[in-house]
Amino acid sequence: MSVSVSASVRRLSVAAAVAAAVVGTVALPAGAVGRPAAGLHRSAVVISGVQYESPGRDDRSNRSLNRQWVDITNTTRRAVNLDGWTLANEHGRIYTFHHFHLDGLTTVRVHTGQGHDTRRDLFQDRRNYVWDQDHDTVTLRNDHGRFVDDESWGRHHRDGGDRHGGGDRHGGGDRHGGGDRHGGHRR
């Protein structure tokens with residue numbers, strides 16, 4: 001009788017270990033590898049679209065520069081204060097949001113070139129392209145420098161999709177939101 005109890009205990013121990021391994025594998029998102037603990041749960045503010053390749057001629061005109069953009073969406077119903085938040089590329093080019101509130105269920109588009117900031121469009125006021133067409137990563141961080149979201153393409157791209165060229169990708173948000181219209185400025 002002690003042999004069958006011992007075998008049963010071993011089978012239960014093996015089953016528990018396998019179940020724990022399966023639960024551990026399923027519970028950790030694939031994109032969380034190498035990210036800080038804060039990145040394990042989805043933020044209320046996300047990068048919902050990237051146009052890294054300006055359509056048409058790349059002539060560095062303001063029109064061409066403003067066709068390169070990043071959409072930031074607030075997926076909740078509550079406004080989020082983005083003051084001090086940053087967008088950065090792999091080469092250290094940083095855009096900082098100043099005095100900007102993103103209303104709930106709203107998207108703001110951050111253009112590379114110059115323009116007049118509104119509640120739905122912000123401008124980095126740059127005279128050169130920011131996002132590399134071959135490969136790059138746009139990283140969104142909060143006002144404490146903590147990782148919020150990122151999107152990569154080219155050799156670093158993780159999810160296999162193509163986030164450029166297809167026009168608006170608003171993630172269900174309405175780009176006609178409220179909040180402060182004061183835009184950001186680059187550092």
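- A donor-acceptor pair is defined here as one N or O able to donate and one able to accept, closer than 3.5 Å; no such pair exists between the side chain of Thr86 and the backbone of Gly145.
- We find the CG-CD distance between Asp71 and Gln51 to be 9.5 Å, quoted to the nearest 0.5 Å.
- Residue Thr96 holds its OG1 atom at 13.0 Å from CH2 of Trp85, rounded to the nearest 0.5 Å.
- Between atom CG of residue Leu65 and atom CG of residue Asp125 there is a gap of 11.0 Å, rounded to the nearest 0.5 Å.
- Considering only residues two or more places apart in sequence or on other chains, Thr139 meets the side-chain hydrogen bond (donor to acceptor under 3.5 Å, both in side chains) condition with none of them.
- With contacts defined as side-chain heavy-atom distances shorter than 4.5 Å, the pair Leu122/Tyr95 qualifies.
- Scanning all heavy atoms of the two residues, the minimum distance from Asn142 to His144 falls at OD1-N, 2.8 Å.
- Considering only heavy atoms from C-beta on, Ser43 stays 4.5 Å or farther from Phe147 through its side chain.
- Partners of Asp83 according to the side-chain hydrogen bond (donor to acceptor under 3.5 Å, both in side chains) rule, which considers only residues two or more places apart in sequence or in another chain, do not exist here.
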If you apply the rule side chain to side chain contact (heavy atoms under 4.5 Å, CB included), what do you find for Ile72 with Ile47, and how did you get there?
CA-CA 5 Å; Ile72 306 298; Ile47 297 170; 3.9 Å; yes

Under the side chain to side chain contact (heavy atoms under 4.5 Å, CB included) rule, what do Trp131 and Val70 come out as? Steps first, then yes or no, please.
CA-CA 10 Å; Trp131 313 112; Val70 176; 3.7 Å; yes

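- Judged by distance alone, the side chains of Ser54 and Gln68 never bring a donor and an acceptor atom under 3.5 Å apart.
- In this structure, CG in Leu87 is found 11.5 Å from CZ in Arg141, a value given to the nearest 0.5 Å.
- Ring planes of Tyr52 and Trp153: parallel class, angle under 30° (limits at 30 and 60°).
- When every heavy atom of Arg126 is checked against every heavy atom of Ile94, the shortest pair comes out as NH2-O, 2.9 Å.
- For the atom pair CD (Gln124) and CZ (Arg93), the distance works out to 10.0 Å, reported to the nearest 0.5 Å.
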Just do the side chain to side chain contact (heavy atoms under 4.5 Å, CB included) check on Asp121 and Trp69 with the steps written out, would you?
CA-CA 10 Å; Asp121 291 287; Trp69 46 258; over 6 Å; no

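- A donor-acceptor pair under 3.5 Å is absent between the side-chain atoms of Asn74 and the main chain of Arg77, judged by distance alone.
- Contact record, Thr118 with Phe100: O-CE1, 3.9 Å, taken as the closest heavy-atom pair.
- Contact annotation: the side chain of Asp58 approaches that of Gln133 to within less than 4.5 Å [non-hydrogen atoms, C-beta and beyond].
- In this structure a side-chain-to-backbone donor-acceptor pair under 3.5 Å is missing from Asp149 to Val45.
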Please lay out, stage by stage, how Asn62 and Phe123 fare under the test side chain to side chain contact (heavy atoms under 4.5 Å, CB included).
CA-CA 11 Å; Asn62 194 52; Phe123 298 86; over 6 Å; no

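- The side-chain heavy atoms of Tyr129 and Asn89, taken from C-beta on, include no pair separated by under 4.5 Å.
- In this structure, Arg120 and Val108 have side chains that are not in contact, with every pair of non-hydrogen atoms separated by 4.5 Å or more.
- No donor-acceptor pair under 3.5 Å is formed between the side chain of Asn66 and the backbone N or O of His111.
- Expressed to the nearest 0.5 Å, how far OG1 of Thr76 lies from CG of Leu105 amounts to 7.0 Å.
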